[in-house]
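These numbers come from the heavy atoms of this one structure, side chains and all, not from hydrogens, waters or symmetry mates.
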Amino acid sequence: MLHNLTGWHALIVLAILLLVFGSTKLPSLAKGVGQSLRILKDEVREEKKTAPRDDTTAPVFADASTPVPYRHTS
């Protein structure tokens, strides 16, 4: 979908953004986006560190000798 984009397309998009938001709003907008991404990455890292490994969610497979209960749908 975006395979045909070139540097000229990026310049045109930046020019339109400059016209819409103005030169005073763009730096604060970029700073806000950067801070949001930094917070998101920190939260993901923290979640990976604090999340206990729970092996109880692993799928349990029945042996061939274990009968499978039959549920009657009514």
Side-chain angles (χ1 to χ4, degrees):
M1 180 174 150
L2 300 174
H3 299 294
N4 295 329
L5 293 180
T6 62
W8 288 107
H9 292 108
L11 288 175
I12 292 171
V13 169
L14 287 175
I16 291 172
L17 287 174
L18 186 62
L19 288 173
V20 170
F21 292 108
S23 62
T24 58
K25 294 278 185 179
L26 283 180
S28 62
L29 181 67
K31 182 179 177 182
V33 170
Q35 287 176 344
S36 298
L37 288 176
R38 190 174 305 119
I39 290 170
L40 178 66
K41 287 195 302 187
D42 290 342
E43 291 293 325
V44 168
R45 279 191 207 124
E46 184 177 317
E47 182 68 27
K48 285 183 180 178
K49 286 182 185 177
T50 61
R53 185 170 171 113
D54 188 13
D55 291 335
T56 60
T57 59
V60 177
F61 298 105
D63 295 335
S65 62
T66 307
V68 178
Y70 177 75
R71 285 190 172 173
H72 183 0
T73 58
S74 51

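- The only member of Glu47, Lys48, Glu46, Lys41 that meets side chain to side chain contact (heavy atoms under 4.5 Å, CB included) when paired with Val44 is Lys48.
- Partner of Ile16 under the side chain to side chain contact (heavy atoms under 4.5 Å, CB included) criterion, chosen from Leu14, Ile12, Leu18, Leu19: Ile12.
- Every residue two or more places apart in sequence or in another chain was checked for a side-chain hydrogen bond (donor to acceptor under 3.5 Å, both in side chains) with Ser28, and none qualifies.
- For Thr6, the side chain to side chain contact (heavy atoms under 4.5 Å, CB included) partners are Trp8, His9, not counting sequence neighbours.
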